[in-house]
Amino acid sequence: VLILSIFISSNIASFVYESSTYKKSEIDLVSEENENNEKLEEEKLENYSKSLLSNNIVLFQGGVFNDLDNAEEFRRKIDNKVLSSIVNDGKYERVILGVSTKNNFLDMADFLKKNNIQFVKQVYKIPLNVEYNEEILKILEIFSNFILDDIKNVLSDEVDVTDLKSDIDFLDINYGNKGSYKLFNDLRDLILDLDDKVEKEDLESVFNFVYSSFADYKL
């Protein structure tokens, strides 16, 4: 009986060890697969970033909805994570999550990924026949950096935009000589005309401006 008990105990212990080893290996495999997927996704985003042109604007979109109520419900779910806006394109309600230039595309994409917010990229190319100037891109870069660098402030009930306005007011202005002057001024004034402390909805108007101004130039 003693020998039988030892044999049974030994086999049970061996089975438990093998089972735990198997489970551990399985967990490791899943973890490794997830890590590889993340690396692949990062590589895709890096390659995508390299493919962008210096005059590209990227609008990050969270979803497209037939119904405004559904768009607002989705927006409420991410309201404590990111600045967003609902834009009507004449047919659908689009939830916009952010805007970037080539220079800060990866920072914006990484920010959304870390917050588990899925996004679709919409790219606009400033057309040569219109020749919008570099200052428009610079304003958008300053704006998106402001969001990324001070997200707690941006998501608060009262947003301090003093630094944002100061950075944009400080821009070295080159008005250009073709169709860029009005759009540059409109975008610049939209931000500079804000009070020093505003509600975050006031900042979302920049998303609306970008969408309505560049929708015709989507790639």
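We count residues from 1, following the sequence as given.
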Visitor: For E199, is there any backbone N or O sitting under 3.5 Å from a side-chain donor or acceptor partner on D202?
Guide: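 Looks like yes, one N/O pair under 3.5 Å.
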Visitor: Rounded to the nearest 0.5 Å, how far does CG of D150 lie from CG of N145?
Guide: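 Reported to 0.5 Å precision, the distance equals 12.0 Å.
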Visitor: Backbone N or O of L45 within a donor-acceptor pair of the S49 side chain at under 3.5 Å?
Guide: no
Visitor: side-chain contact (heavy atoms from CB on, under 4.5 Å), that's the test. Do S85 and V87 meet it? Break it down for me.
Guide: CA-CA 6 Å; S85 179; V87 177; 4.2 Å; yes
Visitor: May I ask you to check whether F74 and F65 place their ring centres under 6.0 Å from each other?
Guide: yes
Visitor: With the side chain counted from C-beta on, respond yes when N208 and I86 share a heavy-atom pair under 4.5 Å apart, and no when they do not.
Guide: no
Visitor: Rounded to the nearest 0.5 Å, how far apart are CD of Q61 and CD of Q122?
Guide: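 Reported to 0.5 Å precision, the distance equals 4.5 Å.
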Visitor: Would you please indicate yes or no on a ring centroid separation below 6.0 angstrom for F105 and F60?
Guide: yes
Visitor: N56 pairs by side-chain contact (heavy atoms from CB on, under 4.5 Å) with which of L137, T101, V123?
Guide: V123
Visitor: Mark yes or no for whether D67, through its side chain, and D69, through its backbone, hold a donor-acceptor pair below 3.5 Å.
Guide: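 Between the backbone of D69 and the side chain of D67 there is a qualifying donor-acceptor contact (under 3.5 Å).
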Visitor: CG of L183 to CD of E135: how many Å apart, nearest 0.5 Å?
Guide: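 If we round to the nearest 0.5 Å, L183:CG and E135:CD are 12.0 Å apart.
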Visitor: Just to verify, which of V161, D163, D160 counts as forming a side-chain contact (heavy atoms from CB on, under 4.5 Å) with N153?
Guide: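 Result for side-chain contact (heavy atoms from CB on, under 4.5 Å) with N153: D160.
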Visitor: Group every Ile, Leu, Val, Met, Phe, Trp and Tyr by side-chain heavy-atom contacts under 4.5 Å, then state whether V64 and V95 land in the same group.
Guide: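 Different clusters: V64 never reaches V95 through Ile, Leu, Val, Met, Phe, Trp or Tyr contacts under 4.5 Å.
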Visitor: Run the side-chain contact (heavy atoms from CB on, under 4.5 Å) check on S205 and L190 step by step: do they pass?
Guide: CA-CA 8 Å; S205 61; L190 174 65; 3.9 Å; yes
Visitor: For E43, is there any backbone N or O sitting under 3.5 Å from a side-chain donor or acceptor partner on N47?
Guide: yes
Visitor: Counting N and O atoms only, with roles assigned by atom type, does the side chain of S213 sit under 3.5 Å from a partner on the main chain of V210, one being a donor and the other an acceptor?
Guide: no
Visitor: Between S100 and S144, what is the shortest heavy-atom contact and its length?
Guide: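 Shortest heavy-atom contact: CA-OG, 4.3 Å.
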Visitor: With a 4.5 Å limit on heavy-atom distance, are the side chains of L155 and V82 in contact?
Guide: no
Visitor: Has N80 got more than 12 heavy atoms of other residues, nucleotides or ligands less than 6.0 Å from its CG?
Guide: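 Yes - once you tally the heavy atoms of other residues, nucleotides and ligands closer than 6.0 Å, there are more than 12.
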Visitor: Under 4.0 Å between a side-chain nitrogen and a carboxylate oxygen: does that hold for D195 and K165?
Guide: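 Not counted as a salt bridge, because no side-chain N and carboxylate O are separated by less than 4.0 Å.
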Visitor: Given side chains that start at C-beta, do those of D89 and Y211 come closer than 4.5 Å, heavy atoms only?
Guide: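 The answer is yes, as the side chains (C-beta and beyond) meet within the 4.5 Å cut-off.
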Visitor: Do N103 and E141 have side-chain N/O donor and acceptor atoms under 3.5 Å apart?
Guide: yes
Visitor: Could you go step by step and tell me if V99 and V58 meet the side-chain contact (heavy atoms from CB on, under 4.5 Å) rule?
Guide: CA-CA 6 Å; V99 59; V58 182; over 6 Å; no
Visitor: What's the shortest heavy-atom distance between K102 and K50, and which atoms?
Guide: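 In terms of heavy atoms, the two residues are closest at NZ-O, 3.4 Å.
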Visitor: Are Y92 and Y124 connected, step by step, through hydrophobic side chains (Ile, Leu, Val, Met, Phe, Trp, Tyr) whose heavy atoms are closer than 4.5 Å?
Guide: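 In one cluster with Y92: Y124, no.
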Visitor: With distance as the sole test, does K138 use its side chain to make a donor-acceptor pair with the main-chain N or O of L171 at under 3.5 Å?
Guide: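 Not a single qualifying donor-acceptor pair exists.
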Visitor: Can you tell whether the side chains of R188 and D169 come within less than 4.0 Å, N to carboxylate O?
Guide: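 Salt bridge: yes.
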Visitor: How are the rings of F207 and F143 set relative to one another: parallel (under 30°), tilted (30 to 60°) or perpendicular (over 60°)?
Guide: perpendicular
Visitor: May I ask you to say whether K77 pairs ionically with E72, meaning some side-chain N is under 4.0 Å from a carboxylate O?
Guide: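 A salt bridge is absent here (no side-chain N lies under 4.0 Å from a carboxylate O).
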Visitor: Decide whether I139 and L53 are clustered together by the hydrophobic rule: side chain heavy atoms of Ile, Leu, Val, Met, Phe, Trp, Tyr closer than 4.5 Å, transitively.
Guide: no
Visitor: To the nearest 0.5 Å, how far apart are OG in S84 and CD in E201?
Guide: 9.0 Å
Visitor: Run L59 and F214 through side-chain contact (heavy atoms from CB on, under 4.5 Å) and show every step you take.
Guide: CA-CA 10 Å; L59 212 62; F214 293 98; over 6 Å; no
Visitor: What donor-acceptor contacts under 3.5 angstrom involve side-chain atoms of residues 111-121, with partners at least two apart or in another chain?
Guide:
{"unit_1": "K114", "atom_1": "NZ", "unit_2": "D110", "atom_2": "OD2", "d": "3.3"}
{"unit_1": "N115", "atom_1": "ND2", "unit_2": "F111", "atom_2": "O", "d": "2.9"}

Visitor: Go through the steps for R75 and E93 under the test salt bridge (Lys or Arg N to Asp or Glu O under 4.0 Å), then give the verdict.
Guide: CA-CA 11 Å; R75 188 175 174 226; E93 307 293 340; over 6 Å; no
Visitor: How long is the gap from CG on L83 to CG on L148, to the nearest 0.5 Å?
Guide: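 Rounded to the nearest 0.5 Å, the CG-CG separation comes to 10.5 Å.
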Visitor: Between E46 and Y48, is any side-chain donor less than 3.5 angstrom from a side-chain acceptor?
Guide: no
Visitor: Can you tell me how far CZ of F209 sits from CG of D186, rounded to the nearest 0.5 angstrom?
Guide: 5.0 Å
